[in-house]
Amino acid sequence: MNEIQIMPMNETHIHAIAEIEKQCFSEPWSEKALAEELSVPSAVFLTALMDGQVAGYMGVHHLGDCAYVCNVAVFPEYRRRSAASALMEAQIQKARACGMNEITLEVRTSNAAARALYEKFGFVLLGTRPNFYSSPKENAEIYSLYLTDL
Ligand SMILES: CC(C)(COP(=O)(O)OP(=O)(O)OC[C@H]1O[C@@H](n2cnc3c(N)ncnc32)[C@H](O)[C@@H]1OP(=O)(O)O)[C@@H](O)C(=O)NCCC(=O)NCCS
């Protein structure tokens, strides 16, 4: 089992994270967009390192008492080795420490891996947003984790 290190995203991670975005999403975040998050007060972006290399990241915004997951992604070669789980655990801990009551997110209906990840952490399915995504057009499933229930 490889050791996973979770740390705040910094400038040195941006290039690799933009590469993860390109490999995972049809509308990837650019390096510029990721770098801008470093100065957004509500943004909590964490990087997962494995073997000292950037393996994945997870970006959350704390808005009022709700934490909103912008994105979570792991390089294909590092998947199924608990990087996303470690990121999620760290984000849940941070959200609780910051007084958030809920973590919420949207996910493509067809994204079985991500949905399984969220369900494993106890997120509950609240409903569907029709045609929320483009490229390709697809519904979003809305999930929430109520931190007050934990
Ligand atoms: C979803 C994603 C972030 C999971 O990352 P990961 O590091 O492989 O996840 P973990 O190893 O921590 O797996 C945690 C749990 O997620 C679920 N899971 C992860 N990948 C899965 C897959 N391919 N099929 C089914 N379940 C999966 C399992 O429940 C797993 O628990 P288990 O290992 O005990 O079975 C990764 O597949 C990814 O980057 N996908 C592309 C980007 C993406 O779709 N992001 C989500 C946008 S909403």
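Both counts, for ligands and for their atoms, begin at 1 and track the order of listing. Given the structure is predicted, the values throughout are model-derived calculations rather than measurements. If you read the sequence from its start, that first residue is 1, and numbering goes on from there.
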* Heavy-atom gap G56 to ligand 1 smaller than 4.0 Å -> no

* Is the backbone N or O of S135 less than 3.5 Å from a side-chain atom of S26, with the two atoms forming a donor-acceptor pair by type? -> yes

* Partners meeting side chain to side chain donor-acceptor pair (under 3.5 Å) with S30 (sequence neighbours left out) -> none

* Asked: Which residues satisfy the ring-ring contact (aromatic ring centres under 6.0 Å, His included) test with Y118, sequence neighbours excluded?
  -> F123

* Sub-4.0 Å atoms of ligand 1 with respect to non-hydrogen atoms of S82 -> 10 (P), 11 (O), 12 (O)

* To do: Name the closest protein heavy atom to atom 26 (N) of ligand 1, giving the residue it belongs to and the distance to 0.1 Å.
  => A116 CB, 3.5 Å

* To do: Answer yes or no for F25: is there a heavy-atom contact with ligand 1 below 4.0 Å?
  => yes

* Asked: Among protein heavy atoms, which sits nearest to atom 41 (C) of ligand 1, and what does the distance come to when rounded to 0.1 Å?
  -> R79 NH2, 3.4 Å

* Any chance you could lay out the side-chain hydrogen bond (donor to acceptor under 3.5 Å, both in side chains) test for Q93 and E89, step after step, and finish with the verdict? => CA-CA 6 Å; Q93 221 171 45; E89 274 163 25; over 6 Å; no

* To do: Between Y118 and ligand 1, find which residue part has any heavy-atom pair under 4.0 Å and reply side chain, backbone, both or neither.
  => side chain

* Asked: Under a 4.0 Å heavy-atom limit, does R81 contact ligand 1 with its side chain, its backbone, both, or neither?
  -> backbone

* Could you please spell out the steps behind the side-chain hydrogen bond (donor to acceptor under 3.5 Å, both in side chains) verdict for Y133 and E106? => CA-CA 10 Å; Y133 293 105; E106 288 107 11; 5.1 Å; no

* Asked: Counting heavy atoms only, which part of V74 comes closer than 4.0 Å to ligand 1: side chain, backbone, both or neither?
  -> both

* Heavy-atom nearest neighbour in the protein, as seen from atom 18 (N) of ligand 1, with distance rounded to 0.1 Å -> A113 O, 3.7 Å

* Asked: Considering only the protein, which heavy-atom contact is closest to atom 44 (O) of ligand 1, and what is its distance?
  -> N111 ND2, 2.7 Å

* Asked: Which ligand 1 atoms does A84 reach within 4.0 Å, using its non-hydrogen atoms?
  -> 3 (C), 4 (C), 5 (O), 6 (P), 7 (O), 9 (O), 12 (O)

* Would you give the length of the straight line joining atom OG1 of T109 to atom CZ of F132, rounded to the nearest 0.5 angstrom? => 11.0 Å

* Are the side chain of E31 and the backbone N or O of A18 linked by a donor-acceptor pair below 3.5 Å? -> no

* To do: Say whether N111 and E138, considering side chains only, have a donor N or O and an acceptor N or O under 3.5 Å apart.
  => no

* Does M88 belong to the same Ile/Leu/Val/Met/Phe/Trp/Tyr cluster as L147, with side-chain heavy atoms less than 4.5 Å apart forming each link? -> yes

* State if A112 counts as touching ligand 1 under the rule of any non-hydrogen atom under 4.0 Å. => no

* For S85, take its heavy atoms, then give the atoms of ligand 1 lying under 4.0 Å from any of them. => 10 (P), 12 (O), 13 (O), 14 (C)

* To do: Of all the heavy-atom pairs spanning A86 and I6, show the shortest one and how long it is.
  => CB-CD1, 3.7 Å

* Asked: Is it the side chain, the backbone, both or neither of K120 that has a heavy atom closer than 4.0 Å to ligand 1?
  -> side chain

* To do: Report yes if V72 has an N/O atom closer than 3.5 Å to an N/O atom of ligand 1; otherwise report no.
  => yes

* Nearest non-hydrogen protein atom, atom 33 (O) of ligand 1 -> R80 NH2, 3.6 Å

